[in-house]
Amino acid sequence: MDFKFSKEHEEFREKARNFGKKEFTNDRKVHFDSEEKYPEELRKLAYESGLVTYSDPWKVLIAIEELCAIDPGLGIASTIPYFGAEVLLLFGSDLLKEKYLGRINEGKAIMGLAVTEPSGGSDVAGCRTKAERKGNKYVVNGSKMFISNGNIADFLITLVRTSDADPKRHHGLSVLVIDTSSPGFKATKLTGKLGVRATTTSEIVFENVEVPEENLVGEVGKGFYYIMTFFNISRVFVAAQGVGVAQGAFNRALEIAKSRGEKFSGREDVQFILAEMATKIKAARTLTLEAASYLFNFEPNPTVTSMAKQLAGETAVYVAEKALELAGIEAVNSDLERIFRDAKILEIWEGTSEIEKLVISRNLLKGEAF
Ligand SMILES: Cc1cc2nc3c(=O)[nH]c(=O)nc-3n(C[C@H](O)[C@H](O)[C@H](O)COP(=O)(O)OP(=O)(O)OC[C@H]3O[C@@H](n4cnc5c(N)ncnc54)[C@H](O)[C@@H]3O)c2cc1C
């Protein structure tokens with residue numbers, strides 16, 4: 001067992017950190033949060049700087065952690081434009097890979113993954129958006145909710161119901177790649193979110209949207225399996241978001257504690273809080289790296305992955321809250337107010353903490369090792 005990153009990865013970490021420090025200026029942090037605007041120029045810069053690269057998943061993980069530590073909103077916004085690409089990589093036909101992933105690899109397109117519906121996100125098998133086969137195409141009707149990049153994406157990997165016939169609800173689901181320029185596609189940006197306001201989130205409506213049959217990902221009826229496989233990948237990266245956000249909040253808390261000098265020295269409550277924050281971050285990071293190690297060695301461990309996602313999300317929320325309390329009145333106009341709002345999403349997307357706990361306990365009851 002080796003707990004050290006290679007020299008190449010440490011250098012990459014430095015590069016990502018320097019990028020964040022240089023490009024995530026205070027003006028940009030405040031502007032994109034308060035205006036609820038997507039920072040397209042930062043997406044391009046991050047891509048051109050080679051920070052989001054599919055050649056090495058460890059680098060993606062490191063970039064996410066470092067950028068989220070500097071600013072969660074801008075960090076996530078710079079790394080989320082290719083959300084869902086693994087579904088195409090793993091299950092897409094050569095044609096789909098060439099047509100869609102080519103543009104993604106060149107940084108020329110933005111994509112997203114549309115699973116959640118207005119009736120709820122946790123119950124993935126409850127998907128109601130219908131795709132009816134008509135000749136050599138599918139006709140899609142329905143709606144999706146809270147879709148990241150929905151209004152800026154060129155295409156969406158979309159979970160649809162292709163059959164009602166099977167009593168097992170999840171057997172009737174399939175995945176389509178839907179071009180957002182298709183007639184009948186409508187995305188409405190949602191505003192007034194609690195946090196991650198630099199990312200863009202939309203409600204989507206499909207009204208008789210025609211999708212060519214070759215845009216079916218993999219096989220009909222396997223959509224639930226493809227999406228669950230994807231979640232077991234993306235949860236590792238969300239855990240890295242959590243570790244980064246927690247580390248960023250901790251760094252600020254530590255600075256505040258040091259700057260208070262005599263006022264804080266000797267106060268056991270402050271010392272205890274700092275120790276607890278650091279210990280939780282260390283535990284969340286170690287678990288995240290273990291989950292990543294399984295995944296990147298092609299032996300994903302869903303139990304460890306859900307543990308990492310749950311712990312890292314909850315640690316981000318805990319550390320952000322404690323940092324805010326420690327800062328007291330100073331927090332009101334500081335980064336900590338925004339970080340506190342941004343952290344909450346990490347307990348929600350890619351499976352809420354409750355859903356992660358259900359996955360963990362179901363796997364344990366099945367006798368899986370952890
Ligand atoms: C900013 C933002 C961006 C997002 N981006 C995307 C995206 O790009 N693509 C996408 O598809 N979705 C996206 N989502 C949706 C997100 O994945 C869902 O919000 C999440 O899965 C939870 O679904 P829900 O909000 O509908 O809550 P529900 O599923 O309605 O759950 C409500 C509450 O009940 C709990 N609960 C539900 N079922 C159970 C159960 N069986 N046992 C115990 N507790 C349960 C949940 O934990 C939660 O606390 C995004 C959400 C947000 C806020």
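Numbering of residues begins at 1 and proceeds along the displayed sequence. Note that ligands are numbered from 1 as they come in the structure, with each ligand's atoms numbered from 1 the same way.
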* **Presence of salt bridge, E48 and K44, under 4.0 angstrom** => no
* Classify the contact between T116 and ligand 1 as side chain, backbone, both or neither, using a heavy-atom distance cut-off of under 4.0 Å. => both
* Would one find more than 12 heavy atoms of other residues, nucleotides or ligands at under 6.0 Å from atom CZ of R133? -> yes
* For atom 33 (C) of ligand 1, decide whether some protein heavy-atom distance is shorter than 4.0 Å. => no
* Structure fact -> the protein heavy atom lying closest to atom 8 (O) of ligand 1 turns out to be S148 N, 2.9 Å
* Of all the atoms in ligand 1, which lie at a distance below 4.0 Å from a heavy atom belonging to I147? -> 7 (C), 8 (O), 9 (N), 10 (C), 11 (O)
* Asked: Between N251 and E255, does any side-chain donor sit less than 3.5 Å from a side-chain acceptor?
  -> no
* Just let me know how L113 lines up against ligand 1, side chain, backbone, both or neither, with a heavy-atom cut-off below 4.0 Å. => backbone
* Asked: Under the 6.0 Å and 45° cation-pi test, does K222 pair with F91?
  -> no
* To do: Would you kindly specify which portion of V115 sits under 4.0 Å from ligand 1, judged on non-hydrogen atoms: side chain, backbone, both or neither?
  => both
* Structure fact -> Closest non-hydrogen atoms of R43 and I110, given as atom of the first, atom of the second and distance, are NE-CD1, 3.5 Å
* **For I348, atoms of ligand 1 separated by under 4.0 Å from a heavy atom** => 19 (O), 20 (C)
* Asked: Quick one: does ligand 1 sit under 4.0 Å from the side chain of I345, the backbone, both or neither, non-hydrogen atoms only?
  -> side chain
* So, is T201 polar-close to ligand 1, with some N/O to N/O distance under 3.5 Å? -> no
* Please state whether the rings of H170 and F224 are parallel, tilted or perpendicular, taking 30° and 60° as the class boundaries. => tilted
* To do: May I ask which of D123, N149, L156, T352 has a heavy atom nearer to atom 47 (O) of ligand 1 than the others do?
  => T352
* Structure fact -> If you scan protein heavy atoms around atom 28 (P) of ligand 1, the nearest is S122 OG, 3.7 Å
* Asked: Strictly by modelled atom types, are T188 and E203 linked by a side-chain donor-acceptor pair under 3.5 Å?
  -> no
* Looking at atom 44 (N) of ligand 1, what's its closest protein heavy atom, distance included? -> E354 CB, 3.7 Å
* Asked: For ligand 1, which atoms sit closer than 4.0 Å to a heavy atom of F83?
  -> 8 (O)
* To do: Taking the side chain as every heavy atom from C-beta outward, state whether R235 and E356 have any atom pair closer than 4.5 Å.
  => yes
* So if you build clusters from Ile, Leu, Val, Met, Phe, Trp, Tyr with side-chain heavy-atom gaps below 4.5 Å, do L190 and I152 land together? -> no
* To do: Could you tell me which atoms of ligand 1, counted from 1 in the order shown, lie closer than 4.0 angstrom to a heavy atom of W349?
  => 2 (C), 3 (C), 4 (C), 17 (O)
* Asked: Going by the atom numbers of ligand 1, which of them fall below 4.0 Å from some non-hydrogen atom of L358?
  -> 40 (C), 41 (N), 42 (N)
* Could you tell me the residue and atom name of the protein heavy atom closest to atom 6 (C) of ligand 1, and the distance to it rounded to 0.1 Å? => F146 O, 2.7 Å
* Do other residues, nucleotides or ligands put more than 12 heavy atoms under 6.0 Å from K97 NZ? -> yes
* Using protein heavy atoms only, decide if any is under 4.0 Å from atom 23 (O) of ligand 1. => yes
* Heteroatom distance test (K193, ligand 1): nitrogen or oxygen, under 3.5 angstrom -> no
* Asked: Should G121 be counted as touching ligand 1, given the test is an N or O pair under 3.5 Å?
  -> yes
* Distance from atom 30 (O) of ligand 1 to nearest protein heavy atom, with residue and atom -> G120 CA, 4.0 Å
* Using only heavy-atom distances, determine whether the side chains of W58 and E8 contain a donor-acceptor pair under 3.5 Å. => no
* Asked: Taking 4.0 angstrom as the limit, do R197 and E35 come out as a salt bridge?
  -> no
* To do: Indicate yes or no: does an N/O atom of M145 lie under 3.5 Å from an N/O atom of ligand 1?
  => no
* Asked: Would you say the side chains of S353 and E314 form a donor-acceptor pair under 3.5 Å?
  -> yes
* Asked: For atom 40 (C) of ligand 1, is the nearest protein heavy atom closer than 4.0 Å?
  -> yes
